[in-house]
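Position 1 is the first residue of the sequence; numbering continues from there.
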Amino acid sequence: MTKAILILDDGSRYEGYSFGAEHPIRGEVVFNTAMSGYPESLTDPSYAGQLMVLTYPLIGNYGVPPQTLGADGVSTFMESERIHAEAVIIGDYSYDCSHWNSVNTLAEWLQKEDVPGLYGVDTRALTKRLREHGVMTGRIIIGDVDDEEVVSFDYEGVNFVDKVSCREIIRYNEGGCRKKVVLVDCGVKHNIIRCLQKRDLEIIRVPWNYDFNTLDYDGLFISNGPGDPETCSAAVDNIRRALDGNRPVCGICMGNQLLAKAGGASIYKLKYGHRSHNQPVRMVGSDKCYITSQNHGYAVDNHTLGSDWEPLFINMNDGTNEGIRHRSKPFFSSQFHPEACSGPTDTEFIFDRFTEMLYRK
């Protein structure tokens with residue numbers, strides 16, 4: 001039981017014990033209130049650069065599934081090929097795990113991937129601090145390491161999307177008479193790829209800054225991703241040129257923000273973000289409300305949307321934007337994750353609507 005400590009930039013300290021890789025780390029400290037899905041959350045590229053606090057009191061009790069990949073390179077059970085969170089911080093760790101699909105404990109997985117983990121931390125007090133003061137960067141010290149030995153870290157202004165995006169074009173479901181969809185990879189979760197594959201679409205996955213306007217395609221899909229959308233001007237420029245046409249466009253999470261920026265809107269940083277499986281959103285112009293999974297720290301400013309755009313979904317907790325749509329063209333997006341894995345899947349119809357637009361074009 002190696003002692004460890006999390007030190008926030010405001011000087012507050014939260015003591016616990018190490019159960020992962022034992023080296024110091026820095027990052028932006030954020031909290032996730034989901035009750036399950038830690039393997040999916042840890043492998044979500046949107047957590048790059050972040051120290052993930054899980055508020056559910058018991059973590060690790062169902063272990064970790066195998067990191068198997070399909071013939072096309074898409075993960076079978078995870079959201080990417082590796083852990084992207086810088087560290088995980090929890091209250092109580094279950095050393096004993098039981099699940100039909102478990103092959104490792106959480107501790108073994110963290111150690112294998114060289115990711116620190118802390119348990120025994122008062123995550124309730126830590127979360128209250130983050131809610132009151134907003135997210136902030138922090139550092140994890142393990143054992144007797146001196147504070148000065150902790151690697152320096154600058155979250156603001158870093159292009160984390162560039163760190164997690166693919167480096168070359170990857171194709172899925174090639175051939176046949178399928179509709180072709182360009183998938184702009186800003187840190188795409190693999191379940192987005194699975195959802196598009198399930199609808200028998202040919203997928204052309206391109207790096208975040210690739211000029212896809214030179215390609216032959218039927219629709220554009222913009223993925224989720226980590227960090228500040230202001231660092232992705234190349235993607236915004238490419239999307240803006242695509243908006244001159246009429247081919248369907250859909251964005252998720254970071255994709256919602258980049259689409260909004262391409263349409264002329266502004267983005268701002270939320271005090272502590274939305275990271276959970278139970279965010280209620282309402283479809284504008286209706287009484288329909290959905291429970292959604294979310295993971296984002298920035299939001300679209302509804303007041304800056306141009307006259308051709310309007311909000312599509314609104315968060316019922318704080319009134320922030322949860323999606324936009326064009327008033328006349330087939331362009332729309334969601335800030336939440338309709339492909340959510342491990343759930344809920346109430347809004348997977350987003351993929352159906354996008355597919356229908358492709359065949360109406």
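Annotation: the span from Asn32 atom CG to Asp44 atom CG amounts to 9.5 Å, rounded to 0.5 Å. With values rounded to the nearest 0.5 angstrom, Ile192 atom CD1 is found 11.0 Å from Ile222 atom CD1. Atoms CG and OG, from Asp96 and Ser94 in turn, are 5.5 Å apart once rounded to the nearest 0.5 Å. Between atom CG of residue Leu6 and atom CD1 of residue Ile140 there is a gap of 5.5 Å, rounded to the nearest 0.5 Å. Interatomic distance, OG of Ser80 versus NE2 of His190, reported as 6.0 Å (0.5 Å rounding). Met35 contributes atom CE, which lies 9.5 Å from atom OG1 of Thr55 (distance to the nearest 0.5 angstrom).
With salt bridges taken as basic N to acidic carboxylate O contacts below 4.0 Å, none links Glu339 and Arg194. Salt-bridge annotation for Asp237 and Arg240: present, with a side-chain N of the basic residue lying under 4.0 Å from a carboxylate O of the acidic one. We find that Asp9 and Arg26 are joined by a salt bridge, their nearest charged nitrogen and carboxylate oxygen being less than 4.0 Å apart. Electrostatic pairing of Glu86 and Arg139 does not count as a salt bridge here, judged by no charged N lying under 4.0 Å from a carboxylate O. Salt-bridge formation is detected for the pair Lys261/Glu230: a Lys NZ or Arg NE/NH1/NH2 atom is positioned less than 4.0 Å from an Asp or Glu carboxylate oxygen. Salt bridge status for Arg247 with Asp218: absent, with no side-chain N to carboxylate O gap under 4.0 Å. A salt bridge is defined here as a Lys NZ or Arg NE, NH1 or NH2 lying under 4.0 Å from an Asp or Glu carboxylate O, and Arg178 with Asp200 meets this definition. The pair Glu132-Lys271 fails the salt-bridge criterion, with no side-chain N (NZ, NE, NH1 or NH2) lying under 4.0 Å from an Asp/Glu carboxylate O.
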Set out, in order, the CA-CA distance, both residues' side-chain angles and the distance that settles side-chain contact (heavy atoms from CB on, under 4.5 Å) for Asp92 and Ile59, then state yes or no. CA-CA 6 Å; Asp92 189 13; Ile59 299 295; over 6 Å; no
Salt bridge (charged side-chain N to carboxylate O under 4.0 Å, His left out) between Arg171 and Asp72, worked out: CA-CA 9 Å; Arg171 295 177 181 268; Asp72 54 8; over 6 Å; no
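The two residues Gly157 and Thr231 make their nearest non-hydrogen contact at O-CG2, 3.8 Å. Asn224 approaches Gly187 most closely through the heavy-atom pair ND2-O, 2.9 Å. In terms of heavy-atom proximity, Asn159 sits nearest to Cys232 at OD1-SG, 4.3 Å. Counting all heavy atoms, side chain and backbone alike, Thr76 lies closest to Gly70 at OG1-N, 4.2 Å. Pairing each heavy atom of Ala340 with each of Pro344, the nearest pair is CB-O, 3.2 Å. Of all non-hydrogen atoms in Cys250 and Ile350, the two that sit nearest each other are SG-CG2, 3.9 Å.
Although no hydrogens or angles enter the test, the distance criterion places no donor-acceptor pair under 3.5 Å between the side chain of Glu28 and the main chain of Thr137. A donor-acceptor pair under 3.5 Å is absent between the side-chain atoms of Asp114 and the main chain of Leu110, judged by distance alone. Ser165 contributes no side-chain N or O that, together with a main-chain N or O of Asp162, makes up a donor-acceptor pair within less than 3.5 Å. Distance alone, capped at 3.5 Å, places no donor-acceptor pair between the Gln50 side chain and the Gly27 backbone. Not one N or O on the side chain of Ser223 forms a donor-acceptor pair closer than 3.5 Å with the backbone of Asp185. In this structure a side-chain-to-backbone donor-acceptor pair under 3.5 Å is present from Glu79 to Asn191. A distance-only check finds no donor-acceptor pair linking the side chain of Gln257 to the backbone of Met254 [under 3.5 Å]. Panel note: side chain His84, backbone Tyr47; no donor-acceptor pair is recorded below 3.5 Å. Judged by distance alone, the side chain of Tyr62 and the main-chain N or O of Gly37 form a donor-acceptor pair under 3.5 Å. Thr43 contributes a side-chain N or O that, together with a main-chain N or O of Pro39, makes up a donor-acceptor pair within less than 3.5 Å.
Annotation: cation-pi pair Lys198/Phe351 absent, no NZ/CZ under 6.0 Å from the ring centroid and within 45° of its normal.
Applying the side-chain hydrogen bond (donor to acceptor under 3.5 Å, both in side chains) rule to Ser334 yields no partners; only residues at least two apart in sequence or on another chain are considered. Checked against side-chain hydrogen bond (donor to acceptor under 3.5 Å, both in side chains), Ser12 has the following partners two or more places apart in sequence or in another chain: Asp10.
Applying the ring pair (Phe, Tyr, Trp, His ring centres under 6.0 Å) definition to pairs two or more places apart or across chains, none involves residues 224-267. The list of ring pair (Phe, Tyr, Trp, His ring centres under 6.0 Å) pairs with a residue in residues 269-290, not counting sequence neighbours, reads Phe31-Tyr272, His274-His296, Tyr290-Phe349. Listed by first then second residue, pairs satisfying salt bridge (charged side-chain N to carboxylate O under 4.0 Å, His left out) with a partner in residues 297-318 read Glu310-Arg325, Glu310-Arg327, not counting sequence neighbours. Residue pairs that meet the ring pair (Phe, Tyr, Trp, His ring centres under 6.0 Å) test with at least one member in residues 314-343, sequence neighbours left out, are Trp309-His326, Phe313-Phe336, His326-Phe331.
Heavy atoms from other residues, nucleotides or ligands lying under 6.0 Å from CZ of Arg124 number 12 at most. The neighbour count for Lys269 NZ, taken as heavy atoms of other residues, nucleotides or ligands under 6.0 Å away, is above 12. Residue Lys112 qualifies as open at atom NZ: its count of foreign heavy atoms under 6.0 Å is 12 or below. A 6.0 Å sphere centred on CE of Met136 holds more than 12 heavy atoms belonging to other residues, nucleotides or ligands. Atom OH of Tyr17 has 12 or fewer heavy atoms from other residues, nucleotides or ligands within 6.0 Å.
Between Phe354 and Phe221, the angle of the ring planes goes over 60°, which puts this pair in the perpendicular group of the 30/60° scheme. The aromatic rings of Phe212 and Tyr217 lie perpendicular to each other, with more than 60° between the two planes, well past the 30° mark.
A heavy-atom distance below 4.5 Å is found between the side chains of Asn101 and Phe77. Residues Ile252 and Ser333 fail the side-chain proximity criterion, which asks for heavy atoms closer than 4.5 Å. Counting only heavy atoms from C-beta outward, the side chains of Val300 and Tyr268 never approach each other to under 4.5 Å. Within the 4.5 Å cutoff, side-chain heavy atoms of Arg205 are placed close to those of Cys166. Within the 4.5 Å cutoff, no side-chain heavy atoms of Arg282 are placed close to those of Glu322.
Put simply, Tyr95 and Val64 are part of the same group of oily side chains (I, L, V, M, F, W, Y) that touch within less than 4.5 Å, one to the next.
With Gln279 as the partner, the side-chain hydrogen bond (donor to acceptor under 3.5 Å, both in side chains) test is satisfied by one option alone out of Thr33, Asn295, Asn315, Thr320: Asn315.
At a cut-off of 3.5 Å, with distance as the only test, no side-chain donor of Glu202 or Asn173 sits close to an acceptor on the other residue.
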